[in-house]
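Take a look at the structure set out below.
Just so you know, these numbers come straight off a predicted model, no measurement behind them.
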Amino acid sequence: MTTLPICPACGARASRVVRDGCHYASSAGSWDYALVQCAACGLGFVDPLPSLDIVHSFYSAEYGSYTDGAAEGAITASKRFVGSWRMGLVNKSGLTVALKAAVAAGIEALAGRVTPATLGVPLQLPKTAALMDLGYGNGEWLMSMHRLGWRNLHGFDIAENANNAARLIEAGISLSSGEFLANDYPEAYFDCIRLSHVLEHLTDPLAMLNKCRLMLKPGGFIALSQPCFRSWLTQVAFDDTLLVQLPLHLFHYTPRAMTLMLEKAGFVHVAAKSYGTVIMLEDTVSRVRARHGQGPLPHRVFTLAAPLYGAFCSLTGHGDFLSAYGVRP
């Protein structure tokens with residue numbers, strides 16, 4: 001690679017090649033690419049981007065996020081309680097709200113778990129709110145919100161995820177498929193659009209964010225979660241962590257890059273931060289040990305380590321995942 005590309009988040013020229021000479025081949029065609037990173041904002045991205053035909057070849061009905069039990073689970077009572085309190089300051093104010101947020105933050109610290117915006121923000125909205133799950137995966141979030149009493153629910157996913165559509169439609173959830181950017185959606189209709197582990201898969205994330213802004217009502221929220229490219233695990237165990245899934249993940253975000261992308265798309269009151277998950281730590285350690293012919297460590301080791309690992313990631317700003325949200329002005 002003789003000339004490094006321009007960063008789509010901040011406009012600076014990418015400063016280094018993280019991986020070069022990468023190759024992918026399928027019935028949709030072949031693709032040679034490199035993973036590069038911008039020094040200014042930390043965004044990692046593949047260059048050149050693949051065609052849409054090649055992107056679609058990454059996925060099938062058996063893709064992990066589409067299968068039962070994969071990706072996000074149901075919203076349990078504890079998740080709802082902590083999530084509702086933890087992010088109450090997103091659209092409310094006052095001493096009571098602040099105290100509840102502090103209590104929830106303490107519970108998270110003790111448990112070593114964090115409420116991402118994709119869970120916490122929608123829970124702040126009334127049950128009449130219009131909610132869109134863009135990339136609904138196994139559908140558990142939509143089904144959970146339906147069970148909790150939200151009724152104006154909408155979901156989008158690619159055609160390969162047809163196996164999960166029937167039960168969502170039966171529950172009265174409105175679904176769409178196809179090419180999202182080409183689909184016709186009402187403007188200024190939704191109160192919240194969530195993208196949980198979606199943005200890293202897209203060839204044109206800025207176009208997606210721009211379209212989402214137009215679909216939101218003024219004051220409506222976009223909420224996102226995705227892997228963080230600044231994670232300690234990415235830095236010390238690049239080839240053994242699931243945080244970097246080449247070629248499926250086309251963009252690799254940092255809090256700075258995510259903030260810039262959302263602001264570039266016209267969102268205000270943007271917040272983005274990273275957080276650690278001990279489940280990812282356990283998985284990565286197990287992969288490293290397996291590569292050296294060693295067995296996994298006992299699960300209880302990681303359960304005990306969860307609060308310390310969460311605190312370490314929070315204090316250093318090098319967590320495994322990103323939680324972000326913004327508001328349409």
Side-chain angles (χ1 to χ4, degrees), residues 71-75 79-93 97 101 104 114-157 168 171-176 180-181 183-199 202 205-226 253 258-259 261-263 265-273 321-329:
E72 292 178 294
I75 302 175
K79 281 184 181 179
R80 185 185 184 192
F81 161 69
V82 176
S84 297
W85 282 23
R86 181 68 178 91
M87 301 200 73
L89 291 169
V90 165
N91 66 342
K92 305 181 187 73
S93 60
V97 177
V114 170
T115 299
T118 47
L119 172 64
V121 170
L123 290 173
Q124 308 308 318
L125 303 177
K127 293 185 177 178
T128 55
L131 308 179
M132 161 70 84
D133 194 7
L134 206 172
Y136 56 78
N138 64 7
E140 279 303 313
W141 182 82
L142 284 169
M143 290 302 298
S144 289
M145 294 297 281
H146 181 268
R147 287 190 289 267
L148 291 172
W150 275 265
R151 289 294 178 266
N152 196 354
L153 297 172
H154 304 256
F156 168 87
D157 217 315
L168 297 175
I173 297 168
S174 299
L175 300 184
S176 56
F180 185 82
L181 293 176
N183 287 353
D184 187 22
Y185 296 102
E187 291 193 10
Y189 176 78
F190 293 97
D191 295 280
C192 181
I193 299 174
R194 71 190 294 269
L195 296 90
S196 179
H197 294 271
V198 171
L199 209 65
L202 305 179
L206 187 58
M208 179 71 77
L209 294 176
N210 274 313
K211 179 155 186 164
C212 288
R213 176 179 51 81
L214 294 175
M215 291 166 59
L216 286 167
K217 298 174 183 175
F221 291 91
I222 189 167
L224 311 98
S225 60
Q226 58 265 325
Y253 295 92
M258 190 70 260
T259 298
M261 278 278 203
L262 286 168
E263 290 176 347
F267 290 96
V268 297
H269 307 305
V270 173
K273 68 175 185 177
F321 295 101
L322 275 175
S323 171
Y325 67 87
V327 178
R328 176 179 179 174

Quiz prompt | F190 and K217: CA distance, side-chain angles, deciding distance, side-chain contact (heavy atoms from CB on, under 4.5 Å) verdict | solution = CA-CA 6 Å; F190 293 97; K217 298 174 183 175; over 6 Å; no

Practice problem: I would like to know whether Y325 and V270 meet side-chain contact (heavy atoms from CB on, under 4.5 Å); could you show each step before the answer? | Solution: CA-CA 6 Å; Y325 67 87; V270 173; over 6 Å; no

Self-check item: Trace of the side-chain contact (heavy atoms from CB on, under 4.5 Å) decision for L195 with T118
Solution: CA-CA 7 Å; L195 296 90; T118 47; 6.0 Å; no

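In this structure, N210 and A265 approach most closely via the heavy-atom pair OD1-O, 3.3 Å. The nearest pair of heavy atoms linking W141 to L131 is CH2-CD1, 4.0 Å. When all heavy atoms of A117 and S323 are compared, the pair lying nearest together is N-OG, 2.7 Å.
Partners of F180 under the ring-ring contact (aromatic ring centres under 6.0 Å, His included) rule, at least two apart in sequence or in another chain, are F156, Y185.
Under the side-chain contact (heavy atoms from CB on, under 4.5 Å) rule, T115 has a single partner from V121, V82, L123, which is V82.
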Report all side-chain donor-acceptor pairs from residues 85-92 shorter than 3.5 Å, counting only partners two or more places apart or in another chain.
| unit_1 | atom_1 | unit_2 | atom_2 | d |
| --- | --- | --- | --- | --- |
| R86 | NE | E108 | OE1 | 2.9 |
| K92 | NZ | Q124 | OE1 | 3.2 |

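Residues R147 and E140 are paired through a salt bridge, judged by an N-O separation under 4.0 Å between the basic side chain and the carboxylate.
Aromatic rings of H269 and F221 (six-membered ring for Trp) have centroids beyond the 6.0 Å cut-off, not under it.
In this structure, the side chains of R80 and L148 come closer than 4.5 Å at one or more pairs of heavy atoms. With contacts defined as side-chain heavy-atom distances shorter than 4.5 Å, the pair L216/I222 qualifies. Using a 4.5 Å cut-off on side-chain heavy atoms (C-beta onward), Y189 and M132 make no contact. Side chains of L119 and I75 form a contact here, defined as non-hydrogen atoms less than 4.5 Å apart.
Rounded to the nearest 0.5 Å, atoms CD1 (I173) and CG (D133) are 9.0 Å apart.
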